[in-house]
Enquirer: 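After the structure tokens below, expect a handful of questions from me.
Both ligands and their constituent atoms are indexed starting at 1 by order of listing. Basis for what follows: all heavy atoms, side chains included, without hydrogens, waters or symmetry-related copies.
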Amino acid sequence: MRPDQGVVMTSANDVDVVVAGAGFSGLYLVHRLREAGFSFRVLESGGDVGGTWYWNRYPGARCDIPTTDYTYSWDPELDREWTWSEKYATQPEILSYAQHVAKKHDMYPHITFNTRVKDAQWDDSTRKWTVRTETGEAITCRHYIMATGCLSVPKDPDIPGTENFAGGVYVTGRWPHEGVDFTGRRVAVIGTGSSGIQSIPLIAEQASQVTVFQRTPNFSVPAFNGPVSEDRKAPLLADRDAYRESAKWTRGGVPLPPSEVSALAVTPEQRREMFEAGWKRGELFSILGIFMDQSTNREANDLVSEMIREKIRATVKDPVTAELLCPKTYPFGTKRPCLDTNYFDTYNKPHVRLVDLNTSPIRTITSDGITFGDETVQFDDIVYATGFDAMTGAIVSVDITGRNGTTLKKKWEHGPLQYLGLMSTEFPNFFMITGPGSPSVLSNMMVSIEQHVDWVTDTLVHMRDNGLDMIEPTETAEAGWVRHGAEFADISLMKDTNSWYMGANVPGKPRVMLPYLGGVDGYRRACNEVVERGYLGFSMTGPGGKVCNDGVIRSVQPDVFIVLDMMSQMGLPPMESMTPEGAREFSNASGAMRPPGPEVGEMVDGTLPGADGSPLEYRLYRPATKGPHPVVVYFHGGGWVIGSHVSDEPMVRDLCVRSGAMFVSVNYRHAPEARFPAAAEDGYAALTWVNDHITELGGIPGKIAVAGWSAGGNVAAVAAQLARDNNGPALCGQLLLTPVTDGTKEYPSLSLNGEGYILTKSLMDWFWDNYADRKDRSHPKASPLKAASLAGLPPTTVVTAQFDPLRDEGNAYAEALREAGVKVTHIQAGGHIHTSISMVGVILSGEKHREKMAESIRGFFA
Ligand code: NA7
């Protein structure tokens, strides 16, 4: 019996699980659900298996991940019995692979073809879904899984007059099964995404005239397709399991060592050489990952983008056309790049023309042609390669109604609210395979599909084993994951580009980063951790009871998480186990490896007298702008024990450039050699000296403020109090970044954030012990919060970080200042740790807080 005859081979109307979709996700679900002994139905709108590979039959349709990797790993025999004819297989070959798997594993009988799901409704009383199809069936089920793919609903061609055209109309994502013969025809192709770029060269081989309508040029690199190379096959053949396992722990789901080279740290020759090597591989992940910083640093990205543009210019003979084909309005990789075969070369053919829709927009489509700019051209056929309502389109195209009548469409009106891209609150027992919020389209889909299907089926088995029949994420967990996804987007170059990743291709669609940017490896870890922590963030109930371990799986900023992770893997000894001298050497050595921070106008070293008359070193950072400048006297962090006038240099340079103020960073005396109150008194002495010499230093008299980080924040706060109490200098402001303000009390954050966030409670104890006797800690020169009064202090900006042991004392100081009538700006850096805001060029999420700090400094002197 042929499946595409639409024969319903299963008719059960009450099952454990209903699955929508029989693409690669649906097929693997058949395998896992059957193996686990669940009753289930799979409903598929197409006439056969294959999903995206069933529908996308346009000429040239191929996958853009090497096909040896774009395969199932769950059946090891498949690797032996299936031989791919090319590095990038064509759609028919991939479809036959899906059919082969379905036949081999006898999956067809489980799938009802030509059956589209219309709506799905949750019933709280029966704790079941009712899934209705367009063919009129209603099936009840405990769990409803959407395996409907990320790019399965073509977006409406939003072009005026589409309905007028009387010639052939073809949509790449819904291509006729019998194929299309364009021989001798005049063809218009609208859209230059992957589908356009793959099909245009082949359409041009047949058609008498091809006109391509381009809205945005795309970065495309040659696929260098051909037989699968021996070096690709070798690792899979040598140790299949190890290869498959390693794919799961890479960023994109294809084994590839990550680059450790910055595009900015090599010579132009080395850069070119590395680029050419990446180019020759003809693989998306290679070209996207030549340099470690090309996806996060605009300057690095520009260098790569330009080398790709050079390749386009070298291929396309007509310079005007070449320029139009060069993407210039967005960084490489922020829209899905393409792999092509002869795409750019096709424009060298005399019958192929490129129309730039930015200068010649389509005014209307007529019955026999297209009117654009100031001309009308007749066509026999129009091909719409205009893309998809990606990631959410297929999900919300089904009317899904959860608890209390909430519809998913309404809930997602401003973007997909979900937990792990797998589930959504108020929609119990509803799962998505490769849903928004998971790596999905940014990965080798096969790896992501298998991970999701495994996670979902393992969860169903866990529930069954524990007498639980309902699962739903908690609001806290969902909000946390959505925020985490947005934080990743915030530090990527992708957020500013109009791409389908951002929903920007569909008019009216909310602008939200749809896939998860944390990589297949980071994502898998998060999912595993959720399970290991007792299904963190899920509530599960049933006859077996109720289990809910509420919480957020990733709460620190994504880049902070990566740094913490790297540091924990290094297994560094705790600083408090070292001698003060050893700790200084250690911190100097790690400081030397940091990016230096931006260029300032000038740096001048000097000495000034400390409180005991001995010289203190300082470094002056002058902005490049014309002076004189307002002056910030800055005190470094390091627990009064480590650090120096140059140890916070990247941040000081950054603040100097951003604020336009001159910084004088001072090396006050350190403990334990010089204990309390040496640092405090040196701070005040330095402030007075700078004020006394402000004109000769290039500063503006009267325009002086103090700033400091951590123990330096303590020194700055004390200096401000001493200035108030000793008739000057009159300060315009104080900026305190995660300051130490009170050594007398154990604030909750000290233990709450006391471990795992670089500055630990035990390190803080060590700093205090080195600096001040217990009896001295209540003195306001040690604990500025303990001052009799905080009134009369200058305008203050306090920055506190959520995961800092010192958070609460910083908060307390901000509050006390405010109560004393001081003008306070309190910046609360969510997801940050004690050190992260200072990590210029490493922790990108700290940048916006430094910008606010700089804004405060400008405000002090306004
Ligand atoms: P894409 O990548 O979304 O490409 C669609 C193309 O169509 C793109 O160039 C769009 O321009 C263009 N487009 C969309 N709407 C219009 C209108 N109204 N007028 C003119 N041009 C338009 O979809 P594909 O099918 O090519 O590829 C999808 C994915 O499949 C691909 O990334 C691979 O992962 C596999 P725009 O760039 O939006 O200005």
Side-chain angles (χ1 to χ4, degrees), residues 23 51-53 55-65 70 88 90-91 94 149-162 170-175 188-200 203 211-221 223 252-253 284-285 288 324-325 327-330 333-340 343 354-365 370 372-373 382-391 393-394 434 439-446 448 494 497-509 511 514-515:
T52 206
W53 301 107
W55 296 106
N56 283 271
R57 297 166 184 250
Y58 60 85
R62 290 173 192 275
C63 85
D64 56 12
I65 299 286
Y70 190 80
Y88 297 108
T90 57
Q91 171 269 332
I94 302 173
C150 296
L151 295 159
S152 41
V153 175
K155 88 175 186 124
D156 287 336
D158 41 349
I159 296 167
T162 44
Y170 306 101
V171 176
T172 47
R174 290 288 178 270
W175 205 256
V189 182
I190 304 177
T192 50
S194 196
S195 307
I197 283 176
Q198 289 184 335
S199 60
I200 287 163
I203 294 172
T211 306
V212 177
F213 291 87
Q214 172 186 273
R215 187 161 73 180
T216 315
N218 228 316
F219 284 101
S220 185
V221 300
L284 283 186
F285 288 129
L288 283 165
L324 289 176
L325 287 166
K328 291 174 197 151
T329 53
Y330 60 94
T334 59
K335 268 169 108 79
R336 175 82 174 202
C338 306
L339 282 179
D340 72 85
Y343 174 64
L354 180 70
V355 173
D356 172 20
L357 290 175
N358 298 296
T359 50
S360 304
I362 293 179
R363 287 199 273 133
T364 188
I365 294 181
I370 301 181
F372 57 95
I382 298 181
V383 173
Y384 291 102
T386 41
F388 298 88
D389 184 352
M391 304 215 54
T434 65
S440 53
V441 291
L442 294 176
S443 69
N444 175 358
M445 286 299 286
M446 285 299 206
S448 290
M494 285 184 173
T497 296
N498 289 327
S499 67
W500 56 259
Y501 295 146
M502 294 293 299
N505 63 328
V506 176
K509 194 166 170 172
R511 194 184 171 88
L514 296 169

Enquirer: Do any N or O atoms from the side chain of Thr192 and from the backbone of Arg215 form a donor-acceptor pair under 3.5 angstrom?
Expert: no

Enquirer: Under 4.5 Å between any side-chain heavy atoms of Met502 and Thr497, yes or no?
Expert: no

Enquirer: Could you find the nearest protein heavy atom to atom 2 (O) of ligand 1 and give me its residue, atom name and distance?
Expert: Trp500 NE1, 3.5 Å

Enquirer: For atom 36 (P) of ligand 1, what's the nearest protein heavy atom and its distance?
Expert: Thr216 OG1, 3.4 Å

Enquirer: Among all protein heavy atoms, pick the one closest to atom 11 (O) of ligand 1 and tell me residue, atom and distance.
Expert: Arg215 NE, 3.7 Å

Enquirer: With the side chain counted from C-beta on, respond yes when Tyr501 and Leu442 share a heavy-atom pair under 4.5 Å apart, and no when they do not.
Expert: yes

Enquirer: Any idea which protein heavy atom is nearest atom 5 (C) of ligand 1, and the distance to it?
Expert: Ala385 O, 3.3 Å

Enquirer: Would you mind finding which of Ile197, Asp64, Leu151 brings a heavy atom closest to atom 29 (C) of ligand 1?
Expert: Leu151

Enquirer: Do Thr434 side-chain atoms and Ser440 backbone N/O form a donor-acceptor pair below 3.5 Å?
Expert: no

Enquirer: Hey, is ligand 1 close enough to Asn505 that some N/O pair sits below 3.5 Å?
Expert: no

Enquirer: Could you tell me, atom by atom, which parts of ligand 1 come under 4.0 Å of a heavy atom of Ile190?
Expert: 20 (C), 21 (N)

Enquirer: Yes or no on side chain to side chain donor-acceptor pair (under 3.5 Å) for Arg511 and Asn498, after CA distance, side-chain angles and deciding distance?
Expert: CA-CA 9 Å; Arg511 194 184 171 88; Asn498 289 327; 2.6 Å; yes

Enquirer: Say whether Phe213 and ligand 1 are in contact under the criterion: heavy-atom distance to a ligand atom below 4.0 Å.
Expert: no

Enquirer: What residue and heavy atom of the protein are closest to atom 34 (O) of ligand 1, and at what distance?
Expert: Arg336 NE, 3.3 Å

Enquirer: From atom 26 (O) of ligand 1, work out which of Pro361, Ser195, Gly387, Pro507 has a heavy atom at the shortest distance.
Expert: Ser195

Enquirer: Where on Val441 is there a heavy atom closer than 4.0 Å to ligand 1, on the side chain, on the backbone, on both, or on neither?
Expert: neither

Enquirer: Can you sort out the partners of Arg62 under side chain to side chain contact (heavy atoms under 4.5 Å, CB included), two or more places apart, ordered by chain and number?
Expert: Glu86, Tyr88, Thr90, Gln198, Asn225

Enquirer: Please confirm whether Lys335 approaches ligand 1 to less than 4.0 Å, judged on its heavy atoms.
Expert: yes

Enquirer: Using distance alone, decide if ligand 1 has a nitrogen or oxygen within less than 3.5 Å of any nitrogen or oxygen in Lys155.
Expert: yes

Enquirer: Give me the ring orientation class for Tyr70 and Trp53: parallel if the planes are under 30° apart, tilted from 30 to 60°, perpendicular past 60°.
Expert: perpendicular

Enquirer: Between Asn218 and ligand 1, find which residue part has any heavy-atom pair under 4.0 Å and reply side chain, backbone, both or neither.
Expert: neither

Enquirer: Can you find a pair of side-chain heavy atoms, one from Thr216 and one from Tyr330, that are under 4.5 Å apart?
Expert: yes

Enquirer: Could you tell me the separation between the CG atom of Asp356 and the CG atom of Leu325, rounded to the nearest 0.5 Å?
Expert: 9.5 Å

Enquirer: Please report the closest heavy-atom contact between Gly149 and Ala394, naming both atoms and the distance.
Expert: O-CB, 4.1 Å

Enquirer: Has Asp158 got any heavy atom lying under 4.0 angstrom from an atom of ligand 1?
Expert: yes

Enquirer: Are more than 12 heavy atoms, taken from residues, nucleotides or ligands other than Asp156, located less than 6.0 Å from that residue's CG atom?
Expert: no

Enquirer: Flag Ile159 as yes when one of its N or O atoms lies below 3.5 Å from any N or O atom of ligand 1, and as no otherwise.
Expert: no

Enquirer: How far is atom 20 (C) of ligand 1 from its nearest protein heavy atom, and which residue and atom name does that atom have?
Expert: Leu357 CD1, 3.4 Å

Enquirer: Atom 12 (C) of ligand 1: which protein heavy atom is closest, and how many Å away?
Expert: Gly191 CA, 3.7 Å

Enquirer: Report the nearest protein non-hydrogen atom to atom 9 (O) of ligand 1: residue, atom name, distance rounded to 0.1 Å.
Expert: Thr192 N, 2.9 Å

Enquirer: Where the closest heavy atom to atom 13 (N) of ligand 1 is concerned, which of Leu339, Thr386, Thr329, Asn56 has it?
Expert: Thr386

Enquirer: With sequence neighbours excluded, tell me which residues meet side chain to side chain contact (heavy atoms under 4.5 Å, CB included) with Ser360.
Expert: Val355, Phe372

